[in-house]
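Have a look at the structure below before the remarks.
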Number of protein chains: 2
Amino acid sequence: MSEDLGSVLHARGLRLTPQRERVLAAVRGLGHATAEEVAARLDAQDASGAGAVNPSTVYRALSLLEELGLVARTQLDRPSPSFHAVEHADHLHLLCGSCGAVDEVPAGLAAGFAADVLREHGFRLDTRHLALRGRCAACRTDVAGPPAGDHHPSEAS
Amino acid sequence: MSEDLGSVLHARGLRLTPQRERVLAAVRGLGHATAEEVAARLDAQDASGAGAVNPSTVYRALSLLEELGLVARTQLDRPSPSFHAVEHADHLHLLCGSCGAVDEVPAGLAAGFAADVLREHGFRLDTRHLALRGRCAACRTDVAGPPAGDHHPSEAS
DNA sequence: GTCCGTGCAAAGGTTTTGCAACCAA
DNA sequence: TTGGTTGCAAAACCTTTGCACGGAC
């Protein structure tokens, strides 16, 4: 996996550094995370002797990894963009507006819908980066119903 | 239209002010806009003698209008949230990742898809706030194809 | 006249940028 | 050794907040 990173960097005359490896690993481990969350995880690893990574380095690494196509940026409902590894990318995000959970489902589920949109509007959906808002099963049963706009702070593991 | 705003405000003991009217009008006129874009439009009207509105007032008005249910907040691909009038709400956003255009299509188009997601994952999609990324008809024909991540700055009228 | 709303200015938090030292190749 | 990278600190950015004046009712 990490050899992949090394080659891709090398191919562009860029360098494989521990920070970049660690940022990529953190994104893979977290599933979905903002730059801040990635930095926090790396800070935590610092306690285990791995060494912290400066926030600005995290931002730079994420942008680079995005450009290299190893990581993708998605706007979930937080103001800050979230990142996820692209190997991990062929899925839709289901964002619960109530508890904040982020679930994933196979992109194939939207294939029929995407075909409709293409046929009727000429628009080709990128089903690998879909973020869909709504209410998850747990929250639907919890609060049986109607009201819309409450946002609980929460964590997506 | 604006009488609606007056009544809704009045019902809560709040006041109808020119700034609030103008912010709502700007959102309706723009279709989709960030707070900053709304402020910019109001600034432009200033030249026509309408008077500018302070940015902080724009932010407060947008939050209030959202709370009143007259305006909805959506995360498009910009870091800042976008707002649109709710009369205008029963649609999906089709966001072109290439030219930045925001198109709209009836929410009904996703009804079948939403039913699938609900049945298979217990997740109830909010089809009124869907932002879908992809590539619009114009860009698909322009650049016949493959590369993914270029973002042209652009305007959604 | 009362109280809500506005404008201004300052604070808040996140992301970006400049620069010298550092280290991967 | 060479030039890409890092860390630090300062800047830039958008958004929120406090407060006194002004205006809607």
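Chain A is the first sequence line, chain B the second, and so forth, proteins listed ahead of strands; every chain is numbered from 1.
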Worksheet item: Whole-Å distance between D:dT5 C1' and A:L5 CG?
Response: 14 Å
Worksheet item: Are A:L70 and A:D4 close enough that some pair of their side-chain heavy atoms sits under 4.5 Å apart?
Response: yes
Item to complete: Between D:dC14, D:dG7, C:dT14, spot the one nearest the side chain of A:S80, thanks.
Response: C:dT14
Worksheet item: Can you check whether A:V117 reaches B:F113 side chain to side chain, under 4.5 Å on heavy atoms?
Response: no
Practice prompt. Rounded to the nearest 0.5 Å, what's the gap from CG on B:L132 to CG on A:L132? Could you check?
Written response: 7.0 Å
Worksheet item: Where does the angle between the aromatic ring planes of B:H32 and B:H84 fall among parallel (under 30°), tilted (30 to 60°) and perpendicular (over 60°)?
Response: tilted
Check nucleotides 16-18 of chain D for protein N or O atoms closer than 3.5 Å to its own N or O atoms and list the pairs.
unit_1 : atom_1 : unit_2 : atom_2 : d
D:dG18 : O6     : B:R60  : NH1    : 3.4

Worksheet item: Which nucleotide, C:dG5, D:dG7, C:dG7, lies nearest any side-chain atom of B:N54?
Response: C:dG7
Discussion item. Let me confirm one number: the CZ-CG distance from A:R41 to A:L30, rounded to the nearest 0.5 Å.
Written reply: 4.0 Å
N/O to N/O distances under 3.5 Å, protein versus nucleotides 23-25 of chain C:
unit_1 : atom_1 : unit_2 : atom_2 : d
C:dA24 : O3'    : A:L16  : O      : 3.3
C:dA24 : N3     : A:R15  : NH1    : 3.2

Discussion item. Rounded to whole Å, please give me the gap between CZ in B:R20 and P in D:dG23.
Written reply: 15 Å
When the side chains of residues 56-64 of chain A are checked against the rest of the protein, which donor-acceptor pairs come out under 3.5 Å, sequence neighbours left out?
unit_1 : atom_1 : unit_2 : atom_2 : d
A:S56  : OG     : A:N54  : OD1    : 2.8
A:S56  : OG     : A:R60  : NH2    : 3.4
A:S63  : OG     : A:Y59  : O      : 3.2

Worksheet item: Given D:dG23, is OP1 or OP2 found less than 4.0 Å from the side-chain N or O atoms of B:Q19?
Response: no
Practice prompt. Answer whether the closest heavy-atom distance between the side chains of B:L65 and B:V23 falls below 4.5 Å.
Written response: yes
Worksheet entry | Rounded distance in Å - CG (B:L62) to P (D:dC14) | 15 Å
Worksheet item: Could you give the CG-to-P distance, from A:L9 to D:dG3, as a whole number of Å?
Response: 19 Å
Worksheet item: Over how many whole Å does the gap from B:R78 atom CZ to D:dT15 atom C1' extend?
Response: 17 Å
Worksheet item: Checking salt bridge (Lys or Arg N to Asp or Glu O under 4.0 Å) for the pair B:R78/B:E36: CA distance, chi angles, key distance, verdict?
Response: CA-CA 12 Å; B:R78 316 221 153 182; B:E36 212 180 346; over 6 Å; no
Item to complete: Let me know the distance between CD of A:E36 and P of C:dT15, rounded to the nearest Å.
Response: 6 Å
Worksheet entry | For the student: nearest non-hydrogen atoms of A:G69 and A:V86, plus distance | O-CG2, 3.1 Å
Practice prompt. Rounded to the nearest angstrom, tell me the gap between atom CZ in B:R22 and atom P in D:dG23.
Written response: 14 Å
Response to the item:
Between CG of A:L64 and C1' of C:dT16 the distance, given in whole Å, is 16 Å
